[in-house]
Enquirer: 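To start, I am sharing the structure in question, which I have written as structure tokens.
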Amino acid sequence: MKSPILSITGTFIDEISHDIPHQNWGRHEWSRDFEHMKAIGIDTVILIRGGYRKFITWPSAYLMQHHNCYKPGEDLLEMLLSLADEHGLNFYFGLYDSGKYWDSGDMTHEIDVNRFVIDEVWAKYGHHSSFKGWYLSMEIRRKTKGAIESIYKLGKQCKEVSNNLPTFISPWIDGKKAVMAAQAALTKEESVSLQEHETEWSEIFSGIHDVVDAVAFQDGHIDYDQLDDFFGINKKLADQFGMQCWTNAETFDRDMPIKFLPIKFEKLRLKLEAAQRMQYDKAITFEFSHFMSPQSAYGQAVHLYDRYKEWIHEE
């Protein structure tokens, strides 16, 4: 494969979702999707969250007993890890999201619950050969209350229990398109300046870089003509603090009034080309199965897959 770009080599798996529809896949569909991923060079799958509020991906004794979570009909985490083993994919586990941060604005709520989750998941699933790392799933922007403390403590514990497996975060840039999914508006009037972005993330990185190996900023919250400026700062800061700089190349379109549909290919291309120019280390996406997969519920996804596949094979 001759690729003139920084091609996508990782994808989130949004199995516990709250703003896009569930596709109700079983083992057969997931196995086929892993095959489609590998066909375009994806080597890493990231469970975006082990659970969200009361819905969880594995029958967690702790979460069912102490947080009244629903018992899942099957152990989805075991299934996905087993499939990753079979297909030779690297698997990253995303921590549990209690929802309390979204309700209160204080991220420290996530420390107490996840310190039990980390130990339980590693003890039960750490033997899988595909278990290669951790995703600290608390999405943050700028000066989120308790963010540095929460990410540091949980990242440190993940590394300690798993013999230093890598960790990463995927925050967002507080640009003009950084609006909540439930809002009707597509943009907001106020957005972060380049100087503010650099100052604030320098402070955050200084507090977490010892326990976070990579940062994958979501790329959809800024305009396409701002990509180089913000991406350049991201890369500069990641290099300064010894972290890998990834891009989370969103494959859904934030510019459409319908939330959310597969992105126009040319927009995805603009974002990946910017990451390439800034010499990013890796590109991942949110997320293949809904927005790029040939078996997605969205008919447009297979066409995005085809256009992308043609592009990465260009001579």
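This one's a predicted model, so the numbers in the text were calculated from it and none came from an experiment.
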Enquirer: For residues 80-100, pull every pair meeting salt bridge (charged side-chain N to carboxylate O under 4.0 Å, His left out), keeping only residues two or more places apart or in separate chains.
Expert: R27-E86
Enquirer: Report the residues that fulfil side chain to side chain donor-acceptor pair (under 3.5 Å) with R277, sequence neighbours left out, ordered by chain and then residue number.
Expert: D228
Enquirer: With sequence neighbours excluded, what pairs up with Y101 under the ring-ring contact (aromatic ring centres under 6.0 Å, His included) test?
Expert: none
Enquirer: Could you give the distance from CG (N234) to CE (M243), rounded to the nearest 0.5 Å?
Expert: 10.5 Å
Enquirer: For residues 284-294, which side-chain donor-acceptor pairs fall under 3.5 Å, sequence neighbours excluded?
Expert:
residue : atom : partner : partner atom : Å
T285    : OG1  : A249    : O            : 2.6
T285    : OG1  : T251    : OG1          : 2.9
E287    : OE1  : H290    : ND1          : 3.3
E287    : OE2  : H290    : N            : 3.0
E287    : OE2  : H290    : ND1          : 3.0
S289    : OG   : D33     : OD2          : 2.6
H290    : NE2  : P21     : O            : 2.6
S293    : OG   : D33     : OD1          : 2.4
S293    : OG   : Q295    : N            : 3.1

Enquirer: Is the shortest side-chain heavy-atom distance between T247 and M278 below 4.5 Å?
Expert: no
Enquirer: Below 30° counts as parallel, above 60° as perpendicular, anything between as tilted: where do the rings of Y125 and H128 land?
Expert: parallel
Enquirer: Under the rule for salt bridge (charged side-chain N to carboxylate O under 4.0 Å, His left out), what residues qualify as partners of R115, not counting sequence neighbours?
Expert: D112
Enquirer: What pairs of donor and acceptor atoms, side-chain ones from residues 204-220 against any protein atom, are under 3.5 angstrom apart with sequence neighbours left out?
Expert:
residue : atom : partner : partner atom : Å
S206    : OG   : S202    : O            : 3.4
S206    : OG   : E203    : O            : 2.6
H209    : ND1  : F205    : O            : 3.1
H209    : ND1  : S206    : O            : 3.3
D213    : OD2  : K159    : NZ           : 2.8
D213    : OD2  : T167    : N            : 2.9
Q218    : NE2  : E139    : OE1          : 3.1
Q218    : NE2  : S170    : O            : 2.9
D219    : OD1  : E250    : N            : 3.0
D219    : OD1  : K271    : NZ           : 2.9

Enquirer: Using the side-chain contact (heavy atoms from CB on, under 4.5 Å) rule, take T199 and Q195 through it: C-alpha gap first, then chi angles, then the decisive distance, then the call.
Expert: CA-CA 6 Å; T199 299; Q195 169 102 38; 3.9 Å; yes
Enquirer: For K267, look at atom NZ and say whether over 12 heavy atoms of other residues, nucleotides or ligands are found less than 6.0 Å away.
Expert: yes
Enquirer: Looking at residues at least two apart in the chain, or sitting in another chain, which of them share a side-chain contact (heavy atoms from CB on, under 4.5 Å) with D229?
Expert: L194
Enquirer: Hey, is NZ on K156 packed in by over 12 heavy atoms from elsewhere, all under 6.0 Å?
Expert: no
Enquirer: What pairs with Y152 under side chain to side chain donor-acceptor pair (under 3.5 Å), at least two apart in sequence or on another chain?
Expert: none
Enquirer: Going by heavy atoms in the side chains, are P59 and E78 under 4.5 Å from each other?
Expert: no
Enquirer: From N164 CG over to C158 SG, what is the distance, rounded to the nearest 0.5 angstrom?
Expert: 11.0 Å
Enquirer: Do D223 side-chain atoms and D225 backbone N/O form a donor-acceptor pair below 3.5 Å?
Expert: no
Enquirer: Going by the ring pair (Phe, Tyr, Trp, His ring centres under 6.0 Å) test, name the single residue among F116, Y62, F55 that passes it with H67.
Expert: Y62
Enquirer: Is the number of heavy atoms from other residues, nucleotides or ligands under 6.0 Å of Q279 CD greater than 12?
Expert: no
Enquirer: Could you check whether atom CD of E310 has more than 12 heavy atoms from other residues, nucleotides or ligands sitting under 6.0 Å from it?
Expert: yes
Enquirer: Donor-acceptor pairs under 3.5 angstrom involving side-chain atoms of residues 39-49: please list them, not counting sequence neighbours.
Expert:
residue : atom : partner : partner atom : Å
D43     : OD1  : K282    : NZ           : 3.2
R49     : NH1  : D14     : OD1          : 3.2
R49     : NH1  : I16     : O            : 2.8

Enquirer: Would you mind telling me which of Y92, Y96, F168, F91 makes a ring pair (Phe, Tyr, Trp, His ring centres under 6.0 Å) with Y135?
Expert: F168
Enquirer: Does the pair D255/K264 count as a salt bridge with the N-to-O cut at 4.0 Å?
Expert: no
Enquirer: Keeping the roles fixed (side chain from Y280, backbone from F231), state whether a donor-acceptor pair exists under 3.5 Å.
Expert: yes
Enquirer: Who passes salt bridge (charged side-chain N to carboxylate O under 4.0 Å, His left out) against K54, sequence neighbours left out?
Expert: none
Enquirer: Please name all residues satisfying side chain to side chain donor-acceptor pair (under 3.5 Å) with H303, sequence neighbours left out, ordered by chain then number.
Expert: none
Enquirer: Decide yes or no for P166 and K132: does some side-chain heavy atom of the first lie under 4.5 Å from some side-chain heavy atom of the second?
Expert: no
Enquirer: Once salt bridge (charged side-chain N to carboxylate O under 4.0 Å, His left out) is applied, do any residues pair with K236, and if so which ones, sequence neighbours excluded?
Expert: E198
Enquirer: Is L165 close to F93 at the side-chain level, that is, under 4.5 Å between some pair of heavy atoms?
Expert: no
Enquirer: May I ask you to test the V113-L95 pair for a side-chain heavy-atom distance under 4.5 Å?
Expert: no
Enquirer: When the ring planes of W172 and H221 are compared, do they come out parallel, tilted or perpendicular, using 30° and 60° as the limits?
Expert: tilted
Enquirer: Quick one, D119 with Q157, criterion side-chain contact (heavy atoms from CB on, under 4.5 Å). Give me CA distance, side-chain angles, the key distance, then yes/no.
Expert: CA-CA 9 Å; D119 287 344; Q157 184 178 345; 3.2 Å; yes
Enquirer: With no hydrogens and no angle check, do the side chains of E29 and N24 hold a donor and an acceptor under 3.5 Å apart?
Expert: no
Enquirer: For residues W134 and L154, determine if any side-chain heavy atom of one lies less than 4.5 Å from a side-chain heavy atom of the other.
Expert: no
